[in-house]
Peer 1: 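Pasting a structure here, questions to come.
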Amino acid sequence: GHFSSALLEFGMTRCETDHLVFFLHSKSGLCLYHIVYVDDIVIIGDDTVGILYLKSHLHSQFQTKDLGPLRYSLGIKVAQSSSGIVIFQ
């Protein structure tokens with residue numbers, strides 16, 4: 001659809017095993033993942049600038065709302081700190 005086209009236009013690649021997962025690896029080794037579930041989007045990666053660009057790109061084409069850092073998704077609680085990420089179910 002149009003949403004997938006926007007991600008591909010941004011330079012992301014669709015995962016062959018899960019068509020709702022897109023990824024982008026930069027030349028400097030940074031990575032960015034975009035995961036779609038119904039109408040929720042999770043963007044993760046170590047390329048903070050790339051994440052900002054992707055959010056801006058999507059917002060320019062769709063009505064998106066940034067809910068901030070991931071805290072809860074699909075029954076999984078996510079706790080983030082400077083020492084890492086902990087996932088609870």
Peer 1: For the residue pair Phe10 and Leu24, what are the closest heavy atoms and their distance?
Peer 2: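 Smallest heavy-atom distance, with atoms named: CE2-CD2, 4.0 Å.
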
Peer 1: Can you list the residues that meet the side-chain hydrogen bond (donor to acceptor under 3.5 Å, both in side chains) rule with His25, with sequence neighbours excluded?
Peer 2: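 Counting only residues at least two positions away or on another chain, His25 forms no side-chain hydrogen bond (donor to acceptor under 3.5 Å, both in side chains).
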
Peer 1: Considering residues at least two apart in sequence or located in another chain, which fulfil the side-chain hydrogen bond (donor to acceptor under 3.5 Å, both in side chains) criterion with Ser73?
Peer 2: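 Ser73 satisfies side-chain hydrogen bond (donor to acceptor under 3.5 Å, both in side chains) with no residue once adjacent residues are dropped.
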
Peer 1: Pairs of donor and acceptor atoms involving the side chains of residues 82-89, under 3.5 Å and at least two apart or interchain, shall be tabulated with distances.
Peer 2:
residue : atom : partner : partner atom : Å
Ser83   : OG   : Ser81   : OG           : 3.0

Peer 1: Is it the case that more than 12 heavy atoms not belonging to Glu9 sit under 6.0 Å from its CD atom?
Peer 2: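 Yes, the 6.0 Å shell around CD holds more than 12 heavy atoms from other groups.
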
Peer 1: What distance do Asp40 atom CG and Leu67 atom CG have between them, rounded to the nearest 0.5 Å?
Peer 2: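 Nearest 0.5 Å value for the CG-CG distance: 8.0 Å.
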
Peer 1: To the nearest 0.5 angstrom, please state how far the CZ atom of Arg14 sits from the CZ atom of Phe23.
Peer 2: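 Rounded to the nearest 0.5 Å, the CZ-CZ separation comes out at 11.5 Å.
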
Peer 1: Test side chain to side chain contact (heavy atoms under 4.5 Å, CB included) on Val42 and Tyr37 and set out the steps.
Peer 2: CA-CA 8 Å; Val42 176; Tyr37 181 76; over 6 Å; no

Peer 1: For the atom pair CD1 (Ile51) and CD1 (Ile44), what is the distance rounded to the nearest 0.5 Å?
Peer 2: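 Answer for the CD1-CD1 pair, Ile51 versus Ile44, is 8.5 Å.
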
Peer 1: Going only through I, L, V, M, F, W and Y residues with side-chain contacts under 4.5 Å, is there a path from Tyr33 to Val49?
Peer 2: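 Unlinked, Tyr33 and Val49 end up in two clusters.
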
Peer 1: Using side-chain contact (heavy atoms from CB on, under 4.5 Å) as the criterion, list what pairs up with Ile41, not counting sequence neighbours.
Peer 2: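 Applying side-chain contact (heavy atoms from CB on, under 4.5 Å) to Ile41 gives Phe3, His34, Ile43.
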
Peer 1: What pairs of residues pass the side chain to side chain donor-acceptor pair (under 3.5 Å) test when at least one of them lies in residues 44-58, not counting sequence neighbours?
Peer 2: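 Non-adjacent pairs meeting side chain to side chain donor-acceptor pair (under 3.5 Å): Lys55-Asp66, His57-Gln61.
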
Peer 1: Can you list everything that forms a side-chain contact (heavy atoms from CB on, under 4.5 Å) with Val21? Sequence neighbours excluded, please.
Peer 2: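 For Val21, the residues satisfying side-chain contact (heavy atoms from CB on, under 4.5 Å) (neighbours in sequence not counted) are Cys15, Asp18, Ile35.
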
Peer 1: For Thr13, what residues pass the side-chain hydrogen bond (donor to acceptor under 3.5 Å, both in side chains) criterion, not counting sequence neighbours?
Peer 2: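 With sequence neighbours excluded, Thr13 shows a side-chain hydrogen bond (donor to acceptor under 3.5 Å, both in side chains) to no residue whatsoever.
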
Peer 1: Is the closest side-chain heavy-atom distance between Val78 and Arg71 below 4.5 Å?
Peer 2: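 Sidechains of Arg71 and Val78: no contact.
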
